[in-house]
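For reference, the structure discussed in these notes is given below.
Atoms within each ligand, like the ligands themselves, are counted from 1 in listed order.
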Amino acid sequence: MRTYIVGNWKMNFTVGEASLFLHRLMQKIHPSRDVQVVVAPSTLALQPLSLQVDRRRVKLAAQNVCPFDYGAYTGETSVAQLRSIVSFAIIGHSERRTLFSETDKDIRAKVSACIRSGITPIVCIGETFRERRDGETADVIRDQLLSALHDVSVEDLSKVIIAYEPVWAISSTKNSRLAPLDKIEEVVSLIRRTLTHTYGEKFSAEVPVLYGGSVNSHNSSAYLSIPGVNGLLVGSASLISSEFIAIIDSIKNIREA
Ligand code: PGA
C-alpha cells in the first residue's frame with residue numbers, strides 16, 4: 001500500500017504564501033508510486049493552486065465540503081464545485097466536530113458526497129481526553145467509524161482513507177500531549193478489525209489508515225513504523241516547508257530499515 005503524507009494547513013497562509021510553499025515543495029518531491037503527498041490549503045487557495053500543482057508530485061485536498069451539489073447554502077463549497085480541483089477532502093476533523101458542531105450525520109453525508117463525486121474522503125476519527133480517561137475510546141472509535149461509513153458500500157470502501165487523530169494529541173488542543181506508540185497501535189488495530197468485521201478482510205485491507213496528532217520530523221519515523229499505520233496527517237509541522245519535507249523524507253528511513 002502507498003504511504004500518505006497529508007499536510008492540513010487549516011486557516012493559515014495567504015494565497016500567495018500557499019503558492020510559494022507549493023512551488024518549493026514540488027521542487028523537492030519526485031513522482032513516486034509508493035508515496036502520495038497531499039496538501040490541504042484553505043478553500044480560497046484551492047483553485048489557483050490547482051492550476052499550479054503537478055499532480056504527479058502533490059495532490060490537493062479540501063479541508064471540508066458541503067454535501068449538496070448546488071443551492072441556497074450560503075458560505076459553503078460543494079463537492080460538485082470541488083470535483084475538478086481536489087483529489088481528496090478531509091472530513092470530520094475534530095475542529096469541525098467541536099468548533100462547528102458537525103454531527104456524525106453531517107459527516108456521513110459528506111463522505112457519501114465525496115465518493116459520489118470521485119473525491120477520496122480522509123475521514124478523521126478520534127477520542128477526546130475525557131473519553132480516553134473514562135475508558136470509552138473503543139466505543140467512540142467504533143461509533144465514529146461505522147457512522148461515517150454507514151452509507152459506503154463494500155465496492156466503494158477502497159475509495160476511503162481513515163485518519164486516527166486522538167483529539168488530546170492534536171497540537172492545538174489545550175494541554176495536548178504526545179500519543180504513545182502502543183496506544184496508537186491498539187486503536188489502529190481496532191479500526192482494522194472493525195472494518196474487517198463489517199466489510200470482510202479483502203476489502204478492509206485496502207483502506208489506508210493514517211495517524212495524526214503532533215507529528216513532526218523527529219517523531220514521524222516512529223509513527224510511520226507503527227504496524228498498520230499507512231501514513232500521517234500533519235497539522236502545524238506541515239506549515240514549515242523544511243519540516244514537512246523532512247517528514248516526507250522520513251518514509252525512506254522506514255523503507256530502508
Ligand atoms: P497537529 O494537527 O499536527 O498540529 O497536531 C493535526 C491535525 O489537526 O490534523
May I ask you to list the atoms of ligand 1 that are less than 4.0 angstrom from any heavy atom of Gly235? 1 (P), 2 (O), 3 (O), 4 (O), 6 (C)

With backbone taken as N, CA, C and O and side chain as the heavy atoms from C-beta onward, which portion of Ile170 lies under 4.0 Å from ligand 1: side chain, backbone, both, or neither? both

For Ser236, the ligand 1 atoms with a heavy-atom partner under 4.0 Å come out as 1 (P), 3 (O), 4 (O)

Please determine if Ser172 has a nitrogen or oxygen closer than 3.5 Å to a nitrogen or oxygen of ligand 1. no

Just which atoms of ligand 1 are under 4.0 Å from any heavy atom in Asn8? 9 (O)

Residue, atom name and distance, where the atom is the protein heavy atom closest to atom 4 (O) of ligand 1: Ser171 OG, 2.5 Å

Contacting atoms of ligand 1, where contact means under 4.0 angstrom from a heavy atom of Glu165: 6 (C), 7 (C), 9 (O)

Does ligand 1 have an atom that lies less than 4.0 angstrom from a heavy atom of Gly212? no

Hydrogens and angles aside, do Glu155 and Tyr199 bring a side-chain donor and acceptor to less than 3.5 Å of each other? no

From Arg97, His93, Lys110, residue fulfilling side chain to side chain donor-acceptor pair (under 3.5 Å) relative to Glu102: Lys110

For Ser214, the ligand 1 atoms with a heavy-atom partner under 4.0 Å come out as 1 (P), 3 (O), 5 (O)

Minimum heavy-atom separation for Pro121 to Lys159, with atom names? CD-O, 3.2 Å

Would you mind listing which atoms of ligand 1 come within a distance below 4.0 Å of any non-hydrogen atom of Gly213? 5 (O)

Check Arg96 with Asp106, please: is the shortest side-chain N to carboxylate O separation under 4.0 Å? no

For residues Glu127 and Trp168, is any side-chain donor paired with an opposing acceptor at under 3.5 Å? yes

We want to know whether Ser204 and Arg192 form a side-chain donor-acceptor pair, criterion being a heavy-atom distance below 3.5 angstrom. no

Residue His93 vicinity, atoms of ligand 1 by number, heavy atom under 4.0 Å: 7 (C), 8 (O), 9 (O)

Check: Glu95/Ser172 side-chain N/O donor and acceptor closer than 3.5 Å: yes

Heavy-atom contacts with Lys10 under 4.0 Å: which atoms of ligand 1 show up? List them by number with element. 2 (O), 7 (C), 8 (O)

Between Ser236 and Ser171, do the side chains contain a donor N or O and an acceptor N or O under 3.5 Å apart? yes

